[in-house]
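Read the structure below first, then the notes.
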Amino acid sequence: MTTSEVIFDFEKLEAYREADAAVSLVLKGFGKWPARYRWLENQLGRAALSIPSNIAEGNGREGVRDKIQFFRIARGSLNECVTGLEAASHLGLVSAETRSEIRSRLHRVVMLLGGLVRSLRRGAVS
């Protein structure tokens, strides 16, 4: 982002920024997998993109229950992403280093989402 760009509220959330960074790591290796694994590449890409997308959508919701629901959906997509990442790793499509880096980022997102949900339940975040 350049300094003259408009920054949306969801972009200020650390959970969103970490999820966005994880998506970048996931997508970086795409297009290099054998064609017979394109289905896994597509599934992993959709799951990864769903994480920051649901964080952004949830942050834009008015009600606490709606926000929490979207953050839960993001967590579910994150779990799906980890599952796809593990399958890709087992097939030798993702290096151990990349796998570890993505898992680390995703773990951080889980922790941050948990914090957001706890804050919402306590009424600390609108």
Side-chain angles (χ1 to χ4, degrees):
M1 267 188 283
T2 64
T3 55
S4 63
E5 283 186 88
V6 172
I7 297 175
F8 292 88
D9 282 343
F10 67 86
E11 293 175 304
K12 297 173 187 174
L13 293 175
E14 191 173 355
Y16 171 82
R17 291 192 310 268
E18 283 291 324
D20 186 54
V23 169
S24 294
L25 289 171
V26 168
L27 299 179
K28 198 182 281 186
F30 279 19
K32 300 173 186 170
W33 292 8
R36 69 179 187 241
Y37 297 119
R38 199 72 66 226
W39 61 273
L40 179 56
E41 187 176 55
N42 290 335
Q43 184 67 27
L44 181 55
R46 282 192 305 275
L49 186 57
S50 181
I51 303 164
S53 296
N54 278 292
I55 293 170
E57 188 167 355
N59 191 67
R61 294 296 173 132
E62 299 268 334
V64 170
R65 291 171 96 177
D66 282 344
K67 288 179 187 283
I68 289 173
Q69 180 61 22
F70 277 93
F71 294 158
R72 284 181 176 155
I73 293 168
R75 189 175 57 210
S77 295
L78 187 149
N79 290 336
E80 182 180 352
C81 187
V82 169
T83 303
L85 178 64
E86 288 306 301
S89 178
H90 295 318
L91 293 168
L93 301 170
V94 176
S95 72
E97 180 182 337
T98 299
R99 174 190 168 273
S100 179
E101 187 175 358
I102 294 169
R103 284 182 65 96
S104 178
R105 286 222 182 249
L106 292 175
H107 182 261
R108 177 130 175 83
V109 174
V110 165
M111 303 306 285
L112 291 165
L113 284 172
L116 281 170
V117 169
R118 283 188 298 279
S119 293
L120 285 166
R121 286 187 176 142
R122 285 193 308 262
V125 177
S126 58

What's the spacing between Ser53 OG and Arg46 CZ if we round to 0.5 Å?
13.0 Å

With the side chain counted from C-beta on, respond yes when Leu44 and Glu41 share a heavy-atom pair under 4.5 Å apart, and no when they do not.
no

Any Phe71 side-chain heavy atom under 4.5 Å of Ile55 side chain:
yes

When you measure from the side chain of Ser77 to the backbone N and O of Ile73, does any donor-acceptor pair fall under 3.5 Å?
yes

State whether the side chain of Ser89 and the backbone N or O of Leu85 hold a donor-acceptor pair below 3.5 Å, judged by distance alone.
no

Lys28 side, atom NZ; Glu101 side, atom CD - distance, nearest 0.5 Å
7.0 Å

Please examine the side chains of Phe8 and Asn59, heavy atoms only from C-beta on, and report whether any two atoms are closer than 4.5 Å.
no

Cluster overlap Leu93 with Leu106, hydrophobic side-chain contacts below 4.5 Å
yes

Quick one: do Asp20 and Arg17 make a salt bridge, cutoff under 4.0 Å?
no

If you round to the nearest 0.5 Å, how far is CZ of Arg103 from OG1 of Thr98?
13.5 Å

If I compare all heavy atoms of Phe10 with all of Tyr16, which pair ends up nearest, and what's the gap?
O-CB, 3.3 Å

Taking all non-hydrogen atoms of both residues, which atom of Ala74 and which atom of Ile51 are closest, and how far apart?
CB-O, 3.6 Å

Got a second to check how far Arg61's CZ is from Ile68's CD1, nearest 0.5 Å?
14.0 Å

Residue pair Asp9, Lys12: steps toward the side chain to side chain contact (heavy atoms under 4.5 Å, CB included) verdict
CA-CA 6 Å; Asp9 282 343; Lys12 297 173 187 174; 3.5 Å; yes

Using 0.5 Å steps for rounding, measure from the CD atom of Gln69 to the CG atom of Asn54.
9.5 Å

Group every Ile, Leu, Val, Met, Phe, Trp and Tyr by side-chain heavy-atom contacts under 4.5 Å, then state whether Leu78 and Leu27 land in the same group.
yes

Shortest non-hydrogen pair, Gly58 vs Lys67, comes out as O-CG, 3.0 Å

When hydrophobic residues are tied together by side-chain contacts of less than 4.5 Å, even through go-betweens, does Val109 share a cluster with Val82?
yes

Arg38 (side chain) donor-acceptor with Trp33 (main chain) under 3.5 angstrom
yes

State which residue, out of Val26, Leu25, Val23, fulfils the side-chain contact (heavy atoms from CB on, under 4.5 Å) condition with Arg105.
Leu25

Roughly how far, to the nearest 0.5 Å, is the CG atom of Leu113 from the CZ atom of Arg118?
10.0 Å

